[in-house]
Novice: 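Shown below is the structure under consideration.
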There are 2 protein chains.
Amino acid sequence: MSATKIRTTEKPAPASAVNTDPLQALDRIDRAILRQLQTDASISNVALAAKVKLSAPACLRRVERLKESGLIRGVVALIDPKAAGAGMLVIIGVVLDRSTPESFAEFEKAAQKVPGCMECHVVTGEFDYFMTVRTRDSDSFNRLHAEQLLYLPGVRQIRSFMVLKEILSTTRFPL
Amino acid sequence: MSATKIRTTEKPAPASAVNTDPLQALDRIDRAILRQLQTDASISNVALAAKVKLSAPACLRRVERLKESGLIRGVVALIDPKAAGAGMLVIIGVVLDRSTPESFAEFEKAAQKVPGCMECHVVTGEFDYFMTVRTRDSDSFNRLHAEQLLYLPGVRQIRSFMVLKEILSTTRFPL
DNA sequence: CTTGAAATACTACTACG
DNA sequence: CGTAGTAGTATTTCAAG
């Protein structure tokens with residue numbers, strides 16, 4: 001009996017590849033699984049198994065491992081913004097009055113409550129924050145601007161960039 | 001027998017509510033379904049049915065209707081950026097040299113091919129485009145910046161805003 | 001450590017009231 | 001919409017690579 005066991009099948013996802021690209025460290029099958037699930041996760045496990053040429057139980061185990069490892073953060077339904085009556089997207093750059101921890105904390109707490117706010121990030125450069133907000137149309141954005149954004153705590157300036165055309169908007173990671 | 005059939009149970013999602021907020025036009029059950037599926041769509045239909053207090057077939061019919069109506073654009077697995085080795089997010093403002101249709105088209109075609117590019121939008125204001133790009137770290141972003149972004153066609157100026165902290169990043173619509 | 005085959009439990013789905 | 005029945009799937013067990 002040999003001291004080191006040689007794996008005859010394809011090695012499935014090294015558990016701890018910390019210093020290299022985790023996605024490229026996955027084997028071909030795991031990448032195929034992720035590619036599919038990022039595109040359409042409503043597929044049944046047997047159909048997925050057939051696509052990646054694996055038995056259903058083996059496929060299911062891989063999917064569960066990808067979830068437990070945290071690589072798959074979740075499986076969610078995406079709502080079409082236009083169909084939801086929020087076809088307008090605005091990117092908003094925010095500059096705060098003062099750069100104190102309290103000022104930042106207060107703003108962040110309030111910003112998350114802005115209806116339609118999808119993203120809010122602290123950034124380097126000429127702005128303190130970038131937010132993205134979805135609204136119905138320019139009228140409703142004007143209302144949001146006048147009634148909410150201008151009243152966010154500690155704001156010195158906000159600059160709005162209306163999105164005229166969404167070229168690309170994806171949650172998918174290339175594999 | 002009466003000529004018009006009166007629905008004794010809650011009315012399920014008016015098919016054509018064009019002039020009002022489509023999300024608010026949904027009944028309580030459809031909203032509960034969407035709330036759940038936006039959070040976790042890996043739930044089984046029977047479990048979902050129990051949550052919204054409906055029989056399984058009725059629940060399934062509603063979910064299918066929400067998909068066919070286009071309100072649910074798809075069901076996808078979300079990959080955790082940090083776990084995928086792309087923990088760094090950069091927002092990039094782009095100004096083009098010339099504002100011609102060819103210039104825009106050429107840029108858009110190239111921008112979508114930038115590895116890690118998650119979003120790309122035409123905007124009003126001092127920039128022509130905003131892009132968001134995910135990379136591993138500042139080193140890999142520097143490489144991307146020097147080797148790809150600076151060579152995007154027709155670019156006069158690009159300004160990068162490094163994201164220091166992601167306060168909010170959601171795909172969820174409030175219901 | 002993995003895989004796949006078989007058996008069971010559960011679920012999706014259909015027909016109908 | 002709900003109940004009941006059927007078809008198909010998820011999930012466990014287990015033997016084997």
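Fair warning: this is a prediction, and the values are worked out from it, not measured in the lab. Throughout, a chain's letter reflects where its sequence line sits, starting with A, and its residues are numbered from 1.
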Novice: Rounded off to whole Å, could you give me the CZ-to-P distance for the B/Arg28 and D/dC1 pair?
Specialist: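 Whole-Å distance recorded here is 13 Å.
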Novice: Do B/Arg136 and B/Met88 have side chains that get closer than 4.5 Å, going by heavy atoms?
Specialist: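 No. Closest side-chain heavy atoms not under 4.5 Å.
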Novice: Scan residues 59-117 of chain A for pairs that pass ring-ring contact (aromatic ring centres under 6.0 Å, His included), counting only residues two or more places apart or in two chains.
Specialist: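 Passing the test, one end in residues 59-117 of chain A: A/Phe104-A/Tyr129, A/Phe107-A/Tyr129.
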Novice: Quick one: bend of the helix from C/dC1-D/dG17 to C/dG17-D/dC1 from 5 pairs per end, to 10°?
Specialist: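 Roughly 30°, once rounded to the nearest ten degrees.
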Novice: Check step by step if side chain to side chain contact (heavy atoms under 4.5 Å, CB included) holds for B/Leu37 and B/Leu48.
Specialist: CA-CA 9 Å; B/Leu37 293 184; B/Leu48 177 61; 4.1 Å; yes
Novice: Quick check: closest heavy atoms across B/Ala56 and B/Asn45, and the distance to 0.1 Å?
Specialist: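 Closest approach of B/Ala56 to B/Asn45: O-ND2, 3.0 Å.
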Novice: What is the distance from CD1 of A/Ile43 to P of C/dA12, rounded to the nearest Å?
Specialist: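 Rounded to the whole Å, the gap is 16 Å.
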Novice: Taking N or O atoms only and anything under 3.5 Å, show me the protein contacts with nucleotides 3-9 of chain D, one pair per line.
Specialist:
none

Novice: Report the C-alpha separation of A/Met162 and B/Val123 in whole Å, then their side-chain angles, then the decisive distance to 0.1 Å, and conclude whether the side chain to side chain contact (heavy atoms under 4.5 Å, CB included) test is met.
Specialist: CA-CA 5 Å; A/Met162 209 177 87; B/Val123 295; over 6 Å; no
Novice: Assign the ring pair B/Phe161 / A/Phe130 to parallel, tilted or perpendicular, where the plane angle (0 to 90°) is split at 30° and 60°.
Specialist: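 Correct class here is perpendicular.
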Novice: Please give, in whole Å, the distance from D/dA10 C1' to A/Lys67 NZ?
Specialist: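 My rounded result for the distance is 12 Å.
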Novice: Within the structure provided, determine whether A/Asp128 and A/Val94 are in side-chain contact (heavy-atom separation under 4.5 Å).
Specialist: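 A/Asp128 does not reach A/Val94 side chain to side chain.
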Novice: Send over the distance from A/Leu60 CG to C/dT11 P, rounded to a whole Å.
Specialist: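 One finds 14 Å between P of C/dT11 and CG of A/Leu60, rounded.
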Novice: May I ask you to test the B/Leu34-B/Leu26 pair for a side-chain heavy-atom distance under 4.5 Å?
Specialist: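 The answer is yes, as the side chains (C-beta and beyond) meet within the 4.5 Å cut-off.
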